[in-house]
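Below is one structure, written out as structure tokens, with a few remarks after it.
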Amino acid sequence: MYALVDGNNFYVSCERVFRPSLEGRPVVVLSNNDGCAIARSNEAKALGIKMGVPWFKIRHLEEQASLVALSANFTLYADMSDRMMSLAAGLGPEQEIYSIDESFIGLHGVRGDLVDRARKIRARIYQWVGIPCGIGIGQTKTLAKLANHIAKTAERKPGSYPTDLAQVCNLAALPASDLDVVLSATEVGEVWGVGPRIGKQLRDAGICTVLDLVHMPPHVARDRWGVVMERTVRELQGEACIGLQGSPEPKQQIACTRSFGRPVTELRHLEEAVSEFASRAAEKLRRQRHLAGQILVFARTSPFREGPRFSRSIVVPLRRPTSVTSDLAGAALDGLRAIYRPGFQMAKAGVMLLDLVSADHVQGELALEEEPAGLRDRDRLMAAMDMVNERFGKRTLLLASSDIEQGQGTWGMKQVRRTPRYTTSWAEMPLARA
DNA sequence: TCTGGGGTCCTAGGACCC
DNA sequence: TCTGGGGTCCTAGGACCC
């Protein structure tokens with residue numbers, strides 16, 4: 001048995017904790033560069049604002065409907081997430097943190113009334129952290145996900161489901177006839193693993209509700225859509241195929257990519273950006289104690305704008321696996337210079353670290369040549385740099401190539417509406433009294 | 001004027017092996 | 001006209017997730 005605990009409209013809820021005046025108002029949180037809406041309050045959803053819609057298309061609602069838009073404040077959300085997760089963990093013996101606002105809880109061995117227990121955890125999270133949650137319970141992770149969707153929808157849209165399923169929904173406790181009613185009232189596209197593409201194919205085949213999908217024989221799902229879909233169907237039928245993943249696996253690739261605040265035309269500005277991206281990616285790499293064997297770098301123009309198009313990438317092999325910032329940035333810059341062509345308005349660039357291996361299990365080398373001097377010194381230098389940046393803030397120590405323009409902001413993000421980092425910065429802590 | 005970022009898994013097809 | 005069988009590894013691309 002599994003539960004899924006999921007913060008409602010998570011980013012918006014985080015903002016509301018510190019600005020209660022946003023309660024009851026339509027609010028959206030915008031992606032980097034204030035590009036599109038990535039979180040919406042219920043009121044914003046009621047205005048018809050879709051997930052991922054570009055800000056310029058809904059901007060008129062600022063005046064017409066008192067819509068409030070905020071720049072994403074990921075530092076704040078990550079800290080609020082930690083607080084929420086530690087309380088959610090109290091629901092059962094095992095926890096898998098699935099995303100910034102969701103965690104699965106393994107309920108094995110938990111006795112007593114699960115719904116009652118879940119309601120108490122939910123109340124505690126709301127009281128101690130200020131985030132409203134939905135909790136779904138089911139025999140499999142896919143069913144817990146579905147139950148969570150029903151719990152949140154029952155609360156947000158009265159009449160869509162029985163009111164006692166609001167906020168906390170245990171599908172496993174429902175009598176079979178009631179379960180069928182609920183499943184037939186839920187669109188197939190709401191199922192975890194059914195995206196836009198497969199959703200359409202299912203509907204074209206006459207499978208429109210979750211109940212329809214539950215009745216599909218697994219081999220049919222496999223023949224037409226593959227093993228992933230078969231697993232989804234089996235999970236819906238109550239057969240657990242996806243286990244809980246306690247401690248997170250190390251990443252197999254690490255990316256750092258950004259859209260620019262304005263078009264970038266000059267190579268040296270691109271170089272500064274790519275050097276910075278490589279530095280950030282290298283930090284993540286060292287945090288998980290891995291080395292990269294290759295680095296990919298790309299740059300492209302906007303796919304949405306008229307004008308000459310450019311989109312190229314290149315994979316640069318490293319001489320030996322490394323996590324040293326200057327090695328990675330150097331290789332990325334070599335790659336960038338190889339693919340760069342003048343005369344384009346670049347809108348985005350990035351790097352990806354590939355072929356990651358654990359730093360503790362590095363393949364030895366035949367001593368065909370002398371080991372370069374100072375190989376270990378550079379690792380110690382990186383450790384020192386990470387410590388300094390951890391203690392005194394990002395970019396306290398950085399590569400010169402990441403700061404060619406010395407903060408002139410030739411490519412940086414637009415973030416006009418960012419709120420303070422209330423919980424992680426002394427200087428931005430809210431004051432009760434001035 | 002203005003359109004995010006970071007991941008995972010699976011499959012098909014090509015290269016190559018004996 | 002006619003061209004085996006069985007296998008591995010790698011890569012690119014598609015679909016999905018939040």
Side-chain angles (χ1 to χ4, degrees), chain A residues 4-11 28-40 49-60 62 69-74 77-78 81 96-104 141-142 145 148-149 188-202 221-232 241-242 245 248-263 277 280-281 284-285 288 293-294 296 298 300-307 313 315 345 347-356 412-417:
Chain A
L4 180 73
V5 184
D6 182 332
N8 297 352
N9 316 327
F10 184 68
Y11 297 164
V28 294
V29 171
L30 302 176
S31 64
N32 280 338
N33 271 320
D34 296 343
C36 5
I38 54 171
R40 306 155 294 153
I49 297 172
K50 302 283 183 229
M51 185 67 177
V53 70
W55 168 234
F56 71 88
K57 287 190 179 173
I58 51 172
R59 188 169 207 158
H60 60 278
E62 238 180 339
L70 302 169
S71 301
N73 186 348
F74 292 114
Y77 310 150
S81 173
E96 172 187 343
I97 294 175
Y98 179 68
S99 73
I100 194 163
D101 68 330
E102 290 172 69
S103 70
F104 287 103
K141 286 168 85 173
T142 303
K145 265 286 222 188
N148 182 272
H149 166 77
V188 73
E190 303 296 345
V191 172
W192 191 38
V194 176
R197 181 78 179 255
I198 292 173
K200 179 169 188 319
Q201 289 168 356
L202 286 169
R222 181 183 195 119
D223 290 348
R224 170 120 191 235
W225 288 281
V227 295
V228 179
M229 194 59 192
E230 180 191 5
R231 207 165 53 195
T232 296
C241 308
I242 309 172
Q245 213 203 315
E249 296 290 311
K251 306 281 186 219
Q252 299 173 41
Q253 47 180 254
I254 289 172
C256 186
T257 71
R258 289 285 179 280
S259 296
F260 301 132
R262 48 186 143 114
F277 300 155
R280 275 289 135 75
K284 295 188 205 173
L285 183 66
Q288 73 168 32
Q294 306 193 94
L296 176 150
F298 74 88
R300 66 162 163 86
T301 53
S302 168
F304 304 105
R305 290 185 54 161
E306 301 293 316
S313 69
V315 175
Q345 306 231 307
K348 181 173 182 173
V351 306
M352 293 175 72
L353 305 181
L354 311 170
D355 277 7
L356 307 192
M413 282 193 288
K414 263 187 309 193
Q415 273 208 311
V416 183
R417 307 149 179 276

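Reminder, nothing fancy here: chain letters follow the sequence lines and each chain counts from 1.
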Between W192(A) and H149(A), does the side chain to side chain contact (heavy atoms under 4.5 Å, CB included) criterion hold? Intermediate values first, please.
CA-CA 10 Å; W192(A) 191 38; H149(A) 166 77; over 6 Å; no

Using Watson-Crick and G-U wobble pairs with both distances under 3.5 Å, what is the 5'-to-3' dot-bracket string of DNA chain C, with [ ] for crossing pairs and | for pairs outside the strand?
....||||||||||||||

Between [atom2] on [N] and [atom1] on [X], what's the gap in Å once rounded to a whole number?
X: K414(A); N: dT3(B); atom1: NZ; atom2: C1'; value: 10 Å
X: K145(A); N: dC17(C); atom1: NZ; atom2: C1'; value: 8 Å
X: E190(A); N: dC16(C); atom1: CD; atom2: C1'; value: 15 Å
X: N148(A); N: dC17(C); atom1: CG; atom2: C1'; value: 14 Å
X: F56(A); N: dT1(B); atom1: CZ; atom2: P; value: 10 Å
X: R222(A); N: dC10(B); atom1: CZ; atom2: P; value: 11 Å
X: I58(A); N: dT3(B); atom1: CD1; atom2: C1'; value: 11 Å
X: M352(A); N: dA12(C); atom1: CE; atom2: P; value: 12 Å

Just to be sure I understand the rule, does [X] reach a base, reach only the sugar-phosphate, or reach nothing, if contact means heavy atoms closer than 4.0 Å?
X: V416(A); value: nothing
X: D34(A); value: nothing
X: V53(A); value: nothing
X: P196(A); value: sugar-phosphate
X: I100(A); value: nothing

Taking every non-hydrogen atom, the tightest pair across G261(A) and K414(A)
O-CE, 3.8 Å

Is there a side-chain contact between [X] and [Y], using heavy atoms and a 4.5 Å cut-off?
X: I58(A); Y: R40(A); answer: no
X: Q345(A); Y: R305(A); answer: yes
X: V227(A); Y: R222(A); answer: yes
X: Q415(A); Y: N32(A); answer: yes
X: M229(A); Y: V194(A); answer: yes

What string of B, S and - do you get for nucleotides 4-9 of chain B, 5' to 3', when a contact is any protein heavy atom under 4.0 Å?
SSSSBS

Taking atom P in both dC18(C) and dT3(B), compute the distance separating them and give it to the nearest angstrom.
25 Å

Plane angle bin for F277(A) and F260(A) - parallel if under 30°, tilted between 30 and 60°, otherwise perpendicular
parallel

Mutual orientation of the aromatic rings belonging to F74(A) and Y11(A) [parallel < 30°, tilted 30-60°, perpendicular > 60°]
perpendicular

